[in-house]
Amino acid sequence: MSTSIKQCPECNSVNLTIQQDKGEIICRNCGLVIEDRMIDFGQEWREFDHDQASKRRRTGAPMTYSVDYAEPIIVQENKKIKVVKIGEFVDNILEKSKNAKTDGHVEYANISRGKNAVCFDKNYNIKFKGIQEVSRHPVKEMYDIRLELGKRVKVTGAHSVFSVENGGIIPTKVSGLQEGQFIVAPLYLPSVLHPEMELKILEGFFNLSGKHKNIYLRGIKDNWLFLKAKQVLPRMDVDARQIKDWKRHSTMPLWALQNVLDVYDAMEFDFSGSRIGIYSGPNELPLSVSVTEGFCRLLGYYASEGHCTEHSVVFSFGAHETAYIDEVKGLANEIFSMKAKEYPKGSAVQVEVRSKLLSMLFRDVLKAGSCAKQKRVPELVYSLPENMKRAFLKAYINGDGSLFYKGNAGNRPTVHVSTCSVSRQLSNDIITLYQQIGIQAGYTEAIIPGHTLESTGQEIRESLMTQTQIADPESALNLGLIDSLPISKGKGSIGSLVPAPEKYFRELGYRKNARISRERAIELSRKHNDADLFRLAEAPFIYLKITSITKVKPTNKYAYDISVPGEENFVGGRGGIFLHNTKYDRGLGTDVGQKGDIYRLGMKGKNKFFRLRKWQYRISTAIERNLKLALAELKRVASFLKLPKSVEEESARIYTMAVQRGLVRGRSMESVVAGALYAACRRHEVPRTLDELEEASGIDKKEIGRTYRFVTRELGIRILPSNPVDYIPRFASALKLSAETQSKAVELLEMAQQSELTSGRGPTGIAAASLYVAALLNNEKRTQREVADIAGVTEVTIRNRYKELLKKLKFKDSVRKKLNEMAR
């Protein structure tokens, strides 16, 4: 059998070496690189993920990790917070999106800014951050994970949650979890910064006016409104005589008013003294009401004891609950100027406010539900200050809850606060509200079998009963349910504890404690300089054990996901658990063992390991092999440009999508990598120019630009124009300018944008010119050559933009004065 020996074509030497990490063959004699970009020559495979430095990974086909349809997630939109089923949220976006696409069996759509989810960042800060993409795909099987406190979530086996391992928090696939393992959940949930302190009832009823034509605005004093109505409404076949009749009665139906306000600004009209009413009905509602603690108490009583009929709002209390009855009657009169009447019903009393408008307000505007199974916490409550949330919760507990308190001499008192509901959604809403004020509540549910009441003979059907529980005395004090908390000893609440590190068991007195206090953990971390343990103790997380993992059927045929780029996680599930982002590890890697594993094997085991790895490469697809090379190149260029990890991950995702859809064919791998990196930089507002990409990648900037435009167009990625302000910190740092000069440059840019000076001009040129002018004004003069070199533009560009700024913004005299002072 003939064989061939590779030789160096330069010096004919056979003294060659293989650089396994670079995939290169190099001549030892002359240093010539004979072959490069070789695959799988040694035991160590190139890696992409910074966080997996201890592991060796291979690239693989992208995978989707998904959540069951019925699992709740927390979403912020238009400064309002709501708890929605992930399936409803994603289905709604996919149905309405014009950019929804299908890739194999996965349906997905990018979404514009404005929808945010709860997540934690690399510093373990819990916050809202933008959702970038939603997706769904068919599924046949789910895992039901249940934790302490009754928290639970249904996800696919490939999905990941965050567990605690060796003192650190890592994403772990559900299929690899075990009972007793610690899972991470938020200790609190964030709220919005600008709560609405006024409920605009008129805006809410506008949304109902198309369905309910008999809702009117009464007491209109502004005749200008009727004049404008005569100009707008005849186009909609409204008779002028009808408008004249409305004017005579100082009234107008809301559907007509809305059509007028679609054309004219509402600020043009005077609505003072006007009220909302129903045709021929006696009751009226104000256009808005102040959101006060009393209003929140009324909502709390409705959530626990209220329901709506077609023409009234009814509260049901026990006959002995006279204080609550009087409070509800007083609040209805104070807030809505409506009288409530009492009706005895055996051992109960019903408080009824007869008003179809009020029924519509609670049911359709506030979306509080009409009956026990449909009731929810009104969305506006999530955005209110803590004192108002407490007022809502206290009223809810008064109506549907119970409090048990027992003092224990020298120890923590025994406290048990519980609430009951037949609605899973309402109980989860209550837990979410608790978490917003830093209270951790437990959750349980049970099926109540059908039975017959002995006293009345009434047959009760089988029903679901859910319950929330609080057993922490500090939480009861926080809610105002107890007046004081005596000094007590004893183990703290579960939220004040962290997993006990195994390596310090000896110092813990050989006790097999599953948890230790945060104070003890911080003490140990400082003693042993253990940064991971310190972060674990300081993090605003709660660590809960898995109580069970079972396979279940999905709610419907799909599993769902949302993508929060950069942070790679979001909160979902009953009670709130941190779930890993849509594409765990970006779908780019599968473990093939750790470095230390190889050397624990015997000779036969090692040989088998290497054979398996060789076959693993042979059976890999063309896409996998392409990704292996491309991601190594991507990592190199990103490192050269000093890009943050979030940008690197986003560019990897874009490149993977491009490969899957065949966009790399006919183009060089390097140009698509550079285009993906440039797109990711633009998307994350990390300023990098095409010149810098050209220098880092070795690809002509025109080719990078063409590839970037092609990839973003084909993938439907929306990129906003570059903002010159993003370049100011980089240029100022390189020019060693002060913070005052940076602020002045930003101020100049904002003025230039208002004067439309930035339109049609390169962002780097206008940013550099602004810095040049700001430096002059702050006595930190830099030459045009210095600024041009840093910005990567010509001196002519700096001069042209500089003159435009001085002329349009009228800084010519100020700059001339500064230059004269410097010349002296």
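Quantities reported herein were computed from a predicted structural model and do not represent experimental measurements.
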Go through it in stages, so that I can follow the logic: the residues are E198 and K200, the test is salt bridge (charged side-chain N to carboxylate O under 4.0 Å, His left out), and I'd like the CA-CA distance, side-chain angles, deciding distance and then a yes or no. CA-CA 6 Å; E198 186 178 53; K200 297 176 182 178; 5.4 Å; no

R136 to Y560, cation-pi by 6.0 Å centre distance and 45° axis angle: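 No, R136 and Y560 do not form such a contact.
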
Polar side-chain atom of [X] near backbone of [Y] as donor-acceptor pair, under 3.5 Å:
{"X": "T156", "Y": "S66", "result": "yes"}
{"X": "Q76", "Y": "G114", "result": "no"}
{"X": "D68", "Y": "A559", "result": "no"}
{"X": "S421", "Y": "S423", "result": "yes"}

Is the distance between the ring centroids of Y301 and F315 under 6.0 Å?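 They do not qualify: ring centres at least 6.0 Å apart.
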
One pair to check against salt bridge (charged side-chain N to carboxylate O under 4.0 Å, His left out): K115 and E77. What are the steps and the verdict? CA-CA 5 Å; K115 293 180 174 63; E77 187 174 3; 3.2 Å; yes

Look at the aromatic rings of Y302 and F362 and report parallel, tilted or perpendicular, splitting at 30° and 60°.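 Rings of Y302 and F362: tilted, as their planes differ by 30° to 60°.
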
Whether over 12 other heavy atoms sit under 6.0 Å from R241 CZ: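 Not more than 12 within 6.0 Å, no.
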
Please tell me if the side chains of [X] and [Y] come closer than 4.5 Å, counting only heavy atoms from C-beta onward.
{"X": "P378", "Y": "R376", "result": "no"}
{"X": "V155", "Y": "I145", "result": "yes"}
{"X": "I276", "Y": "R218", "result": "no"}

V349/Y343 under side chain to side chain contact (heavy atoms under 4.5 Å, CB included): CA gap, chis, key distance, verdict: CA-CA 6 Å; V349 172; Y343 297 96; over 6 Å; no

Residue pair C420 / Y396: nearest heavy atoms and the distance that separates them: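 Looks like O-OH, 3.8 Å.
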
Of the non-hydrogen atoms in T309 and S312, which two are nearest, and what is the gap between them?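 Closest heavy-atom pair between T309 and S312: OG1-OG, 2.6 Å.
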
Sole residue of R574, K553, K154, R152 in salt bridge (charged side-chain N to carboxylate O under 4.0 Å, His left out) with D144: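 Result: among R574, K553, K154, R152, R152 is the only option passing the salt bridge (charged side-chain N to carboxylate O under 4.0 Å, His left out) with D144.
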
Is any NZ, NE, NH1 or NH2 atom of the basic residue among K85 and E71 found under 4.0 Å from an Asp or Glu carboxylate oxygen of the other?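 Result for this pair is no, no salt bridge flagged.
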
Only one of D429, V422, L426 passes side-chain contact (heavy atoms from CB on, under 4.5 Å) with K375; say which it is.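 Of the listed residues D429, V422, L426, the side-chain contact (heavy atoms from CB on, under 4.5 Å) partner of K375 is L426.
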
Verify side chain to side chain contact (heavy atoms under 4.5 Å, CB included) between E321 and N398, making sure each step is shown before the conclusion. CA-CA 9 Å; E321 296 176 316; N398 287 343; over 6 Å; no

Check the pair K329, E342 against salt bridge (charged side-chain N to carboxylate O under 4.0 Å, His left out), reporting the backbone distance first and the verdict last. CA-CA 9 Å; K329 290 168 65 178; E342 295 182 36; 2.8 Å; yes

